[in-house]
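Okay, so here's the structure we're looking at.
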Amino acid sequence: MEHRPDADLEELCPVCGDKVSGYHYGLLTCESCKGFFKRTVQNNKKYICAEKQQCTVDKSLRKRCPFCRFQKCLLVGMRLEAVRVDRMRGGRNKFGPMYKRDRALKQQRKTLMQTSGFRRELSSPLCSSSYQRDLAFTGDLQPDPFLHSIPLPTAQNDQTGHQCPSMCSLLPFNPLSATQYQFTSFSNWTIKLEHTNNCVSPLGSAAGIYMNSDELYSNTPQGPRIPQLVMEFLRCDPDELQLRNKTIARLKQEQTGWNKHRNPSTFSLMCLMADQTLFSIVEWARTSIFFKQLTVNDQMRLLHSCWSELLLLDIISRQVLYGREGSLLLVTGQEVELSDVASHAGPTLASLIQRGQELVDKLSMLKVDRQEFACIKFLILFDPDVKELEDHRFIEGVQEQVEETLLEYTLCTSSQYFGRFAHLLLCLSDLRALSSLTEDYLYCRYQSADVPCSSLLIEMLHAKRS
DNA sequence: CTAGCCTTGACC
DNA sequence: GGTCAAGGCTAG
């Protein structure tokens with residue numbers, strides 16, 4: 001891809017939307033906002049807003065309210081300290097390397113977006129309808145002995161009884177809606193959602209997610225410098241052993257009702273495991289950075305939109321990280337031979353398993369690690385294309401931030417392999433296509449009354465179709 | 001006061 | 001010597 005040095009200038013000024021003339025005081029802005037910011041800081045100007053400090057700042061209205069204009073300059077990340085106290089002209093300041101890095105990142109992202117077709121509208125060409133119709137739905141994974149023959153492992157730290165609440169009740173009412181926050185400090189991270197006039201930020205993104213530049217990376221003495229946000233994602237990640245124990249406890253509880261009649265089908269067991277995994281996914285999201293700042297409505301919309309992608313990623317990442325070739329590692333810790341699974345599945349399910357396995361192979365070849373899976377989960381969750389979001393801008397900002405973080409991480413850990421990020425995005429496209437097919441399949445099974453009732457899985461299946 | 005253009009000078 | 005983000009200048 002050819003590099004055009006003036007490609008930056010195609011962007012719009014984050015303050016007023018005018019044409020960008022270059023990097024000024026920390027980020028790409030237009031000439032007039034550069035001048036305005038300089039005059040304001042150099043002359044220590046104090047403005048007053050005649051309205052409610054919420055004036056629109058765009059190219060035509062930027063002169064109307066300097067107070068709101070300056071607030072917006074700070075909000076988008078213009079740096080006070082880039083204005084020189086001594087007024088010395090020319091030369092370079094400490095932000096030089098930052099501008100350089102930002103240029104490289106922007107260029108790389110642009111290239112990757114163009115080449116990988118990452119955006120959802122460009123991906124998933126096989127989604128649902130046409131492809132699904134070609135695969136005749138033929139029903140069941142036969143109730144076969146291979147799963148039942150493996151004793152359920154013993155749960156450690158046994159969990160107490162299970163309830164099956166709906167997702168809404170799992171997401172507690174959030175007393176402060178996102179837009180009501182001024183600042184929400186979280187670890188080293190600050191998510192800024194309203195105007196404020198003192199922030200520290202290198203290259204603030206549109207959502208206003210700010211970090212202290214000294215705290216961008218973890219300080220591991222050996223090995224690659226891991227971006228701090230990746231460490232935060234890892235911290236949010238659920239513990240595999242806990243999930244295993246919860247699932248086993250749930251299955252054992254369900255088991256008490258089985259013996260009276262006959263064993264449930266393998267498919268029903270799989271649904272129960274998926275259902276329990278969904279609970280853990282909701283719990284993960286609910287307690288995760290950024291997500292817990294959203295309104296409950298937005299939380300529900302995001303989860304209803306991406307549950308199957310997260311569910312599949314959970315299964316697939318387990319195979320990549322802990323699995324053995326030729327076998328399927330279940331969330332319970334049980335291992336079943338893939339050939340057994342495939343031979344008992346109908347053609348639709350067999351084809352889904354086949355495609356899933358191909359994705360596992362791809363990701364295994366890439367040696368995708370826990371850090372990358374953790375980032376990908378956030379990429380999936382914060383999907384700005386979801387309809388009717390209340391805080392679309394914030395969600396879009398998180399998405400951009402996570403993309404940048406994942407790109408940085410891949411460059412840190414495998415600089416010799418430049419296309420890693422693009423490969424990961426391509427795998428994500430595959431995952432999206434596959435999850436859509438899987439949803440269709442599950443919905444068919446649900447309509448045939450094959451999916452066990454009163455489960456989160458069913459709530460999710462309904463959500464997108466209602 | 002605004003904003004477009006000019007000058008400067010450290011860094012590559 | 002070229003680049004480009006600082007500060008400076010000035011008509012409107």
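For the numbers below, each heavy atom of this structure counts, side chains included, while hydrogens, waters and symmetry mates do not. Labels below follow one simple rule: chain letters A, B, ... track the order of the sequence lines, proteins then strands, and each chain is numbered from 1.
With A/D369 contributing its side chain and A/Q371 its backbone, the two residues share a donor-acceptor pair below 3.5 Å. No donor-acceptor pair closer than 3.5 Å links the side chain of A/K59 to the backbone N or O of A/G17.
Note: CZ (A/R89) to C1' (C/dC4) measures 14 Å, nearest angstrom. One atom, CG of A/L28, and another, C1' of C/dC4, lie 12 Å apart when rounded to the nearest Å. Atom CD in A/E81 sits roughly 16 Å away from atom P in C/dA5 (whole-Å rounding). The OH atom of A/Y25 sits 13 Å away from the C1' atom of C/dC4 (whole-angstrom rounding). For A/N93 and C/dC4, the CG to C1' distance is 11 Å, given to the nearest whole Å. When the C1' atom of C/dC4 is taken as reference, atom NZ of A/K100 falls 13 Å away, rounded to whole Å.
The stretch residues 31-39 of chain A touches DNA chain B through A/E31, A/S32, A/F36, A/R39, each having a heavy atom under 4.0 angstrom from the strand. Listed by residue number, A/K45 are the residues of residues 41-48 of chain A with a heavy-atom contact under 4.0 Å to DNA chain B.
Using a 4.5 Å heavy-atom threshold, the side chains of A/F291 and A/D298 count as separate. Within the 4.5 Å cutoff, no side-chain heavy atoms of A/L424 are placed close to those of A/L379.
With sequence neighbours excluded, no residue forms a ring pair (Phe, Tyr, Trp, His ring centres under 6.0 Å) with A/Y322. Checked against salt bridge (charged side-chain N to carboxylate O under 4.0 Å, His left out), A/E358 has no partners two or more places apart in sequence or in another chain.
Salt-bridge check for A/E396 with A/R393: failed, with every basic side-chain N at 4.0 Å or more from each acidic carboxylate O.
Ring geometry for A/F378 against A/F382 counts as parallel: the plane angle stays under 30°, on a 0 to 90° scale with 60° as the upper cut.
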Using the rule given for side-chain hydrogen bond (donor to acceptor under 3.5 Å, both in side chains), can you reason through A/T247 versus A/Q276, listing the C-alpha separation, both sets of side-chain angles and the distance that settles it, and then say yes or no? CA-CA 6 Å; A/T247 312; A/Q276 191 57 42; 5.3 Å; no

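Applying the salt bridge (Lys or Arg N to Asp or Glu O under 4.0 Å) rule to pairs touching residues 85-98 of chain A yields nothing, sequence neighbours excluded.
Among the heavy atoms of the strands lying under 4.0 Å from A/R69 are primed sugar atoms or P, OP1, OP2 only; no base atom is included.
Note that A/R69 lies in the cation-pi zone of A/F36, set by a 6.0 Å cut-off to the ring centre and a 45° limit from the axis.
Boundaries of the chain A contact region on DNA chain B are B/dC1 to B/dC11, first to last in 5' to 3' order (nucleotide atom under 4.0 Å from a heavy atom).
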